[in-house]
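Just so it is clear, the structure is predicted and the values come from calculations on it, not from any experiment.
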Amino acid sequence: MLGATFSRNNVIILLIIAIIGIGLSILSYQYSSFTANEIANISSQDVRSNARIEVYQLSRILVRSMESISNNLQGLSNSVSLLDIENDDVQRLFDSAQSSTKDLTNGYYMFDMNGKIISKTSNKSIEASYFGIQANTSDIFLSPNTHNTTYYSSIIDVNNQFPLLFISYPVLKDKVSTENSTSQANMSNFEGIVFTTIDLSKLGEFLQKELSPEFASNVGLIDKNGVILYSQNRNVVGKNYLTPEFQDLIPPEIKDIYNNILTTSLTGGSGLRDISFNDNMTTIAYQPITLDGEFLWSLYISTPHSLASNVGYLINQQKNFSTIVIIVVGSMAFGIAFLILSWNKRLEGAVQSRTVQLKKTNESLTESNSLLASANKQLEIHDNMQKEFINVAAHELRTPIMPILGEAELIENDISDNEFASVSKEQISSIIRNAKRLDRLAADILDVTNIEGKSLKLNKSTFDIDEILSELVTEYSRHIENDQSKSKRVRILYQPIHVRIFADRYRITQVISNIINNAIKFTEQGSIAIEGTISNNELTIKVTDTGKGIDKEIVNRLFDKFVSRSEQGTGLGLFISKNIMESHGGTITGYNNESGTGATFVFTLPLGNIQSTT
C-alpha cells in the first residue's frame, strides 16, 4: 500500500513538472516571437530613417548644383552686357563657367534674340537641332524674356537620341532714356539668352555617385508634370509616368499604391512609403527640388529592406533553434525529475550541481549588470557631449549671424523710395566675412559627422607641398598686414621646400591652414616660422610661433573635440586635423616651446606618400 501511494505521488509530481515545463516553454516561445518581431521592426525603421536622410541630403546637393549653374548663367549674362562680345575675357568666362560645373553641364552658349550663336564654351560643338530653336515660340527664349529669371526646361530630345535639360537666362542691355528733360527711367532691352544643357544620363550618374556606397539604393527624378527625367530603365526616360510604357512595367499588385506615391510627391511635398511585393519590402522616399521658390522636380530613392530580410531570416532560424532547445530542455527536465525521484541517494549531488550552476548564472548576471552600467555611463557622457556641442554650435552660429542681420537691417533702413541704397565696402566685407565663417562652421560640423561615421573620403592626387605652403603664407601675410592689431608686429617666415606628395590636396591645405590660423590668433608679436624637412623616410612640416603657447589645462587633450581656450571657435579644428593626418597614415603633435614662449605643431607624412623631390 505504501509502495502504491509512493508511485502515485511520483506520478503527480512528474505531471506537475511536465505542466510547468510546457507552460514555461509556451511563455518562452511567445517572448522569443515578440522579441523577434521587435528586432525586425527596429531594422525596418533604420532603413526608413536612412532613406529619409539620404534623399534629403541628395536633394540639397542637387539644389546647390543647380544654383551654381544658375549663378554661372547670371554672371555670364551680366558680363556679356558689360563687355564687348568679341572680347577674349568673355570666352574665358564661358570656359571658366563650364569648368566649375563640368560634372553636369555639356557647355555654356549664347544665342542672340534671333536664335543665332554668338559665343560658346571652347571646343564644344552645338548639335544641329539646337539651331532649330524658334526665338519667337520656344520657352527657352520666351520665359527668360518675360520673367527676367532663370528658366528650367522639361526634357528635350536632340535628334531624338540625346534627352537633355535646357537652363537659360536672359541677356539684357541697359539703356537710359530721357523724358521731358527732367525724369529718367531704366529700360532693359532683350538681347538674347545664355544657356547650358544637361545630359540626363550624366545627371543620373551624378546623383547615383553622390549616394553613400554603403547605401544600396536606386535614384529617380520626375519633373512637376510627371515626365520621367531619370531612371535606371532608360526606356522610360522622357515618358510620363501615366503612359502605358511606364505603367506596364509596374506589377498589378502594387500599381495603385505606386501611382499614389508618385501622384502625392508631385504636389511638392516630401515623405516616404513602404511597398511589399513577393515578401520583399522596399521603402520609397521622395523630396521636392525647389529652385528660385518654384517646385520643379521630385527626387526619389528606393531602398530594399535587405537588412530587415536578413534579420528576419536569422530570427526565424533562432525561433526554430529556440523551439528545439525548449523541447530538449523540457524532456531533460522531465527525465532528471524522474531520476531524482527514483534515485534518492543521488539527490544531494544533484542539488550541489544545480547550486554551482546557479552561482555561475548569478556571476553572469552580475557581469551583465556591470556591462549595462558601463554602457549607461557612456550614454551619459555622449549626452553631455551632445549638449555641449549644441551650446557651442548655437553660440558660434549666433556670432556671425548677428553682424549679417545688423548690416542687412541697416541697408534696409537706408533704402529710398526708388528702392536703392548705398552700401559701403565695409558692410559688404562684414557680410562676406561672417558668411564665410558660417560656411567654415558648417564644414567643420560635416567633417566631424563624417569622421565619427567612418565616412571621411580622401581624393588623393600628386602635387608639390610648396604650392600649398607658399599660397597659405602669402594669404595669411596679407591678412596680417590688413589687421591693424598685428601689423608690423608678426612675421611669417618660410623657407620653400619642393617635395611632390600623393595626398588629398584640400585636406592637407585644411590642416596647415588651421595650424597657421591658430598661431596667428594666439601670437601678438614676433614671428611664425614654417619649416619642412625629409628624414627617416617621412616628410615633416613644423610650425613654430612666439605666442602665448598652449594652456596647461588642455595640453593633454589638445586634439579632442570641443577643446579650446579661445572665446571664438568650436574646438573642432585640431580634432579634424588629427583625423585627416591619421587617414593619410601620418601624425600630428603639439607642444609648448622649451623657451617658455610660444608653441610648436608638427605633422608628418610617411615616405610612401612622397613621389619625387626636386
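For Thr105 (side chain) and Thr101 (main-chain N/O), a donor-acceptor pair under 3.5 Å exists by modelled atom type. Formation of a donor-acceptor pair under 3.5 Å by the Ser77 side chain with backbone atoms of Pro170 is found in this model. The main-chain N or O of Gly573 is found under 3.5 Å from a side-chain atom of Ser577 such that the two form a donor-acceptor pair. In this structure, Asn148 contributes its side chain and Pro144 its backbone to no donor-acceptor pair below 3.5 Å. Proximity of a side-chain donor or acceptor of Ser143 to a complementary backbone N or O of Asp139 within less than 3.5 Å is not detected. Checked by atom type and distance alone, the side chain of Asn259 pairs as donor or acceptor with a backbone atom of Lys255 at under 3.5 Å. Between the Asn240 side chain and the Thr243 main chain, no donor and acceptor come within less than 3.5 Å of each other. In terms of modelled atom types and a separation under 3.5 Å, the side chain of Glu245 and the main chain of Val236 share no donor-acceptor contact. For His584 (side chain) and Ile508 (main-chain N/O), no donor-acceptor pair under 3.5 Å exists by modelled atom type. In this structure, the side chain of Ser374 does not engage the main chain of Ser370 through any donor-acceptor pair within 3.5 Å.
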For side-chain hydrogen bond (donor to acceptor under 3.5 Å, both in side chains), just list the numbers for Thr121 and Tyr109, CA-CA rounded to whole Å, side-chain angles, deciding distance to a tenth of an Å, and then say yes or no. CA-CA 6 Å; Thr121 304; Tyr109 317 96; over 6 Å; no
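When side chains are defined from C-beta on, Val227 does not count as touching Lys239, because their heavy atoms never get closer than 4.5 Å. Using a 4.5 Å cut-off on side-chain heavy atoms (C-beta onward), Tyr151 and Leu142 make no contact. At least one side-chain heavy atom of Ile301 sits under 4.5 Å from a side-chain heavy atom of Thr303. Using a 4.5 Å cut-off on side-chain heavy atoms (C-beta onward), Leu62 and Trp297 make contact. Counting only heavy atoms from C-beta outward, the side chains of Tyr152 and Leu165 never approach each other to under 4.5 Å. Side chains of Leu221 and Leu299 form a contact here, defined as non-hydrogen atoms less than 4.5 Å apart.
Smallest separation of non-hydrogen atoms from Asn218 and Gln208: CA-NE2, 4.0 Å. A pairwise comparison of heavy atoms in Ser168 and Ile193 identifies CB-CD1, 4.1 Å as the closest pair. Considering all non-hydrogen atoms of both residues, Ser231 and Val237 come closest at N-CG2, 3.9 Å. In terms of heavy atoms, Ser65 sits closest to Leu104 at CB-CD1, 3.6 Å. Here the closest non-hydrogen pair linking Gln287 and Ser270 is OE1-CB, 3.2 Å. Nearest heavy-atom pair, Phe603 versus Met581, reported as atom, atom and distance to 0.1 Å: CD1-CE, 3.3 Å.
Residues Gln510 and Arg507 bring a donor and an acceptor atom of their side chains to less than 3.5 Å of each other. Inspection of the Asn72 and Tyr108 side chains reveals an N or O donor paired with an N or O acceptor under 3.5 Å. With 3.5 Å as the limit, one finds a donor-acceptor pair spanning the side chains of Thr150 and Ser70. In this structure, a donor-acceptor pair under 3.5 Å is present between the side chains of Thr283 and Asp274. Arg505 and Asn459 share no donor-acceptor pair across their side chains, judged by distance under 3.5 Å alone.
For Asp103, there are no side chain to side chain donor-acceptor pair (under 3.5 Å) partners two or more places apart in sequence or in a different chain.
Between Phe111 and Phe195, the two ring planes are perpendicular [angle over 60°; tilted spans 30° to 60°]. Note on ring orientation: taking the six-membered ring where Trp is involved, the planes of Tyr241 and Phe246 are perpendicular (angle over 60°, cut-offs 30° and 60°).
Rounding to the nearest 0.5 angstrom, the gap separating the NZ atom in Lys202 from the CG atom in Leu164 is 10.0 Å. With rounding to the nearest 0.5 angstrom, the CD1 atom of Ile284 is 10.0 Å from the CG atom of Leu272. With values rounded to the nearest 0.5 angstrom, Gln98 atom CD is found 8.5 Å from Asp95 atom CG. In this structure, Leu574 CG and Ile588 CD1 are separated by 6.5 Å, a value rounded to the nearest 0.5 Å. The CD1 atom of Ile198 lies 4.0 Å from the CD1 atom of Ile69; values are rounded to the nearest 0.5 Å. In this structure, CZ on Arg273 lies 5.5 Å from CD1 on Ile261, to the nearest 0.5 angstrom.
At least one cation-pi condition fails for Arg52 and Tyr56: the charged atom is not both under 6.0 angstrom from the six-membered ring centre and inside a 45 degree cone around its axis.
Glu582 and Lys578 are joined by a salt bridge, as a carboxylate oxygen and a charged side-chain nitrogen come within less than 4.0 angstrom of each other.
The one candidate from Thr196, Asp199, Thr197 that meets the side-chain hydrogen bond (donor to acceptor under 3.5 Å, both in side chains) condition with Asn106 is Thr197.
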